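Sequence lines set the chain letters: A, B, ... in the order given, protein chains first and strands last, and positions in each chain run from 1. Keep in mind the model is a prediction, meaning the values are calculated, not measured.
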2 protein chains.
Amino acid sequence: MIEAQIYKALGDPVRLEMVAKLAKGSSCTIGELSSNLGISRQGARKQIQVLVSANVVRLVPQGRETQVVLNTEKLKVAKMFISKLETEWDQRLHALKSFAEGQNRN
Amino acid sequence: MIEAQIYKALGDPVRLEMVAKLAKGSSCTIGELSSNLGISRQGARKQIQVLVSANVVRLVPQGRETQVVLNTEKLKVAKMFISKLETEWDQRLHALKSFAEGQNRN
DNA sequence: AAAACATGCAACTAAAAGGTTGCATGTTTT
DNA sequence: AAAACATGCAACCTTTTAGTTGCATGTTTT
């Protein structure tokens with residue numbers, strides 16, 4: 001079974017912007033992360049929850065506010081899976097090329 | 001504006017399995033790609049269309065059948081964007097570490 | 001202790017996504 | 001030319017998603 005969940009989590013403009021913002025490190029609390037997105041705080045909160053469920057992000061409560069922390073491990077896995085797809089594809093192309101060259105031998 | 005569409009395209013088990021199958025090169029026509037997924041041909045066709053719209057895949061009609069071709073360029077872009085996120089994050093961590101060391105100097 | 005702040009939770013709505021069935025159409029095969 | 005095949009298109013249904021509003025709760029600040 002393949003892990004589509006991580007891509008699903010990144011596959012929304014609001015969520016992807018949140019992740020980008022976190023990577024840039026400009027902020028970290030739920031409140032700050034939820035602002036300037038053009039949607040309500042509660043709307044943003046639901047998107048953060050999607051990221052939490054997909055393990056892209058962790059929540060660390062500190063007093064009355066909560067820190068949102070990026071989980072780069074998950075991103076790494078997502079990246080490596082794509083790499084693997086590409087590699088398989090390239091190997092197949094290479095095999096195909098070898099075969100064609102064999103055919104053309106004359 | 002960030003390109004969430006590519007991740008959205010990969011963010012569904014059926015579509016991700018299709019992409020994996022294509023990368024492995026086991027088949028290529030719409031029909032073959034649509035089989036063994038547990039859904040109807042027309043259902044699968046709609047998922048293929050999502051991949052087409054996101055430019056993850058190209059359709060090449062040949063007579064009565066249509067070849068489905070993976071676009072690795074798009075995958076490469078997706079991979080590199082994640083890499084960029086990680087890099088920014090790592091740099092930020094590094095900066096933070098330097099700062100902490102500066103604070104601790106005594 | 002009151003006010004301001006950061007957040008959580010629940011009910012609700014509109015739109016999109018994922019899937020189905022039925023039928024039409026062009027292309028090979030026999 | 002008929003049959004079999006590969007595919008396309010459209011209507012429809014159900015569930016999920018993305019967002020809203022309203023109110024409750026714990027935590028700082030004044």
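The 5' end of DNA chain D is approached more closely, in terms of each residue's nearest nucleotide, by B:Thr29 than by the other of B:Thr29 and A:Arg64. Nearer to the 5' terminus of DNA chain D, by closest-nucleotide assignment, is the contact made by A:Val50 (compared with the other of A:Val50 and A:Glu65).
In this structure, of D:dC23, C:dT7, D:dA6, it is C:dT7 that holds the atom nearest to the side chain of A:Thr66. Counting only heavy atoms from C-beta on, B:Ile39 has its side chain closest to C:dT20 among D:dA18, C:dA6, C:dT20.
Atom CG of A:Asp12 and atom P of D:dT16 are 18 Å apart (whole Å). When the P atom of C:dG19 is taken as reference, atom CG of B:Leu37 falls 9 Å away, rounded to whole Å. Atom CD in B:Gln62 sits about 13 Å away from atom C1' in C:dT27, given to the nearest Å.
The phosphate of D:dG8 has OP1 or OP2 within less than 4.0 Å of a side-chain N or O from B:Arg45. Contact between the side-chain N/O atoms of A:Gln47 and the OP1/OP2 oxygens of D:dA18 is found at a separation under 4.0 Å. In this structure, A:Lys8 reaches the D:dT17 phosphate: one of its side-chain N or O atoms is under 4.0 Å from OP1 or OP2. The phosphate of C:dG19 (OP1 or OP2) has no side-chain N or O of B:Ser40 nearer than 4.0 angstrom.
A continuous path of Ile, Leu, Val, Met, Phe, Trp and Tyr side chains, each step under 4.5 Å between heavy atoms, connects A:Leu33 with A:Val60, placing both in one hydrophobic cluster.
Among all heavy-atom pairs drawn from A:Ile6 and A:Lys74, the shortest one is CD1-CG, 3.6 Å.
Listed for the B:Tyr7 side chain is a donor-acceptor partner under 3.5 Å among the backbone atoms of B:Ala78.
With respect to A:Glu17, the side chain to side chain contact (heavy atoms under 4.5 Å, CB included) criterion is satisfied by exactly one of A:Asn36, A:Leu37, A:Leu22: A:Leu37.
A donor-acceptor contact under 3.5 Å is not formed by the side chain of B:Gln42 with the base of C:dG18. Residue-to-nucleotide contacts include a donor-acceptor pair under 3.5 Å from the side chain of B:Arg41 to the base of D:dG8.
Base pairing analysis places C:dT21 opposite D:dA10; the two distances defining the Watson-Crick or G-U wobble pair are each below 3.5 Å.
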